[in-house]
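To start, the structure itself, in structure tokens.
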Amino acid sequence: MIYAALFIGCLLLGTLPTALFVAAMSWLCCFEFFRMMRLDGKVPNELLGLTAAVLFPLSALVDPLWLTALIFLLVLTLGLWYVFSPRTRIADIAVTAFGPIYTGFMLSSIVLLRDSIDGFPGALLPIGVCASLWVSDSFAYLVGSRFGKHKMVPKISPHKSWEGFFGGLFGSVIIWLILLVTGLYRIDLAFAVITGLAVAILGVFGDLLESRIKRGVGVKDSGNLIPGHGGMLDRSDSLIFGCITAYLILKIGGVI
């Protein structure tokens, strides 16, 4: 509840508080990812990776072009590290690059969403996107725990069922229909339904990807930041893919 209140509060306050909060989220998520990679025998360059994870959301404040420039600088710096550090393995380079891109770059879409429209509609839009993923998770749990019989990927996430998956899709679409009826955005019924489905599906993929990472290194949670709920990456896994999906659809569709 504290996490959700802080998140929504920053979105309501404006783009700068949102960017600062997302930068902190990205640092924590990337730190937890690197922690899991060390358990797997990798040696990421945490200084480079964590710095990039923080800079991605902050660079979105300036211009989306800066995100591309930052990826270039990250790859260039890692390349120099690899060339002049003979003991460094390509696997260490790979996880150092993947960490901040997987966290900071992907989550920077929340900042771009908040900056896309002025005023209250600009705050409500990213809140709605995140809410569609949170509600999707809740509906998936409620439907899956009551009716779930057919497992999706039992070797990766044994509790996920196809019944829960479709329940989650329904929950996400409800939130997008609420955004539609506000009349604040240039979206129609078909657009709302398709976007709600796409965001929920990619949110589930983000959850499964993080579950695969955790299972690969033999941990239950990415961290213990939130008692009973694991780490920040556990709380953000669906947002990582869901929010950038929403941003791209809304941008390509001319809504923002």
Side-chain angles (χ1 to χ4, degrees), residues 1 3-5 7-8 11-12 18 22 25 29 102 106-114 116-117 121-153 156-157 159-212 229-230 232-256:
M1 293 296 292
Y3 158 73
F7 197 177
I8 293 173
L11 288 168
L12 290 171
T18 298
V22 174
M25 281 178 59
C29 289
Y102 171 49
M106 300 286 272
L107 288 171
S108 65
S109 59
I110 299 173
V111 182
L112 295 174
L113 282 168
R114 180 62 183 88
S116 61
I117 302 174
L124 182 62
L125 184 59
I127 290 174
V129 171
C130 294
S132 70
L133 290 159
W134 294 332
V135 171
S136 176
D137 286 345
S138 298
F139 270 56
Y141 172 77
L142 293 172
V143 174
S145 60
R146 179 66 179 85
F147 302 105
K149 296 183 183 300
H150 302 87
K151 301 299 182 183
M152 288 183 66
V153 279
I156 297 176
S157 186
H159 299 297
K160 276 188 169 44
S161 66
W162 284 107
E163 291 82 0
F165 171 73
F166 288 110
L169 296 184
F170 180 72
S172 176
V173 169
I174 287 177
I175 299 300
W176 282 91
L177 291 178
I178 293 173
L179 290 175
L180 167 67
V181 299
T182 63
L184 296 173
Y185 311 103
R186 295 174 295 174
I187 58 177
D188 56 25
L189 178 60
F191 189 94
V193 172
I194 292 171
T195 307
L197 293 174
V199 168
I201 291 170
L202 269 294
V204 171
F205 173 75
D207 193 336
L208 291 175
L209 174 60
E210 201 235 350
S211 295
R212 175 69 178 85
H229 291 271
M232 182 58 72
L233 189 55
D234 294 316
R235 294 298 90 207
S236 307
D237 51 7
S238 60
L239 297 180
I240 286 173
F241 280 88
C243 289
I244 197 167
T245 299
Y247 172 75
L248 291 172
I249 292 175
L250 291 169
K251 191 71 174 178
I252 294 170
V255 178
I256 57 178

task: Could you tell me how the ring of F7 sits relative to the ring of Y3: parallel (under 30°), tilted (30 to 60°) or perpendicular (over 60°)?
output: tilted
message: Within the 4.5 Å heavy-atom criterion, are F191 and L180 side-chain neighbours or not?
response: no
message: Under a 3.5 Å distance rule, please check whether E163 uses its side chain to pair with a backbone N or O of V143 as donor and acceptor.
response: no
- prompt: Does the side chain of S116 come within less than 4.5 Å of L250's, by heavy atoms?
  reply: no
query: Is the backbone N or O of G196 less than 3.5 Å from a side-chain atom of S172, with the two atoms forming a donor-acceptor pair by type?
result: yes
- prompt: Short question: side chain of S236, backbone of L239 - any donor-acceptor pair under 3.5 Å?
  reply: no
query: Any idea how F241 and Y102 line up, ring-wise: parallel (<30°), tilted (30 to 60°), or perpendicular (>60°)?
result: tilted
message: Please check this pair: side chain of R186 against backbone of G254, looking for a donor-acceptor N/O pair closer than 3.5 Å.
response: yes
task: May I ask you to test the I175-V129 pair for a side-chain heavy-atom distance under 4.5 Å?
output: no
- line: On a heavy-atom basis, the closest approach of L189 and L177 is CD1-CD2, 3.5 Å
L248 CG to L202 CG distance, which is reported to the nearest 0.5 Å: 9.5 Å
message: Would you compute the distance between atom CZ of R235 and atom CH2 of W134 and round it to the nearest 0.5 angstrom?
response: 11.0 Å
- request: Compare all side-chain heavy atoms of D237 with those of L209 and state whether any distance is below 4.5 angstrom.
  value: no
statement: Shortest non-hydrogen pair, L179 vs I187, comes out as C-CD1, 4.3 Å
query: Taking all atoms of both residues into account, what is the closest heavy-atom pair of S136 and L169, and its distance?
result: OG-N, 4.3 Å
query: So, the side chain of T195 versus the backbone of A192: is there a donor-acceptor pair under 3.5 Å, distance only?
result: no
field: D207 and K160, any side-chain heavy atoms less than 4.5 Å apart
entry: yes
task: Would you check if the side chain of Y185 reaches a backbone N or O of L125 as a donor-acceptor pair within less than 3.5 Å?
output: yes
- request: Could you tell me how the ring of F170 sits relative to the ring of F139: parallel (under 30°), tilted (30 to 60°) or perpendicular (over 60°)?
  value: tilted
- prompt: Does the side chain of K251 come within less than 4.5 Å of L112's, by heavy atoms?
  reply: no
Evaluation steps, side chain to side chain contact (heavy atoms under 4.5 Å, CB included), between R114 and V22: CA-CA 11 Å; R114 180 62 183 88; V22 174; over 6 Å; no
task: To the nearest 0.5 Å, tell me how far I201 CD1 sits from T245 OG1.
output: 9.5 Å
- request: For residues C243 and L113, report the shortest heavy-atom separation together with the two atoms involved.
  value: O-CD1, 4.0 Å
task: List the atom of Y247, the atom of S109, and the distance in Å for their closest heavy-atom pair.
output: CB-CB, 4.1 Å
- line: Residues I8 and I127: closest non-hydrogen pair is CG2-CD1, 3.8 Å
message: What I'd like to find out is whether the side chain of I240 reaches to under 4.5 Å of the side chain of E210, using heavy atoms alone.
response: no
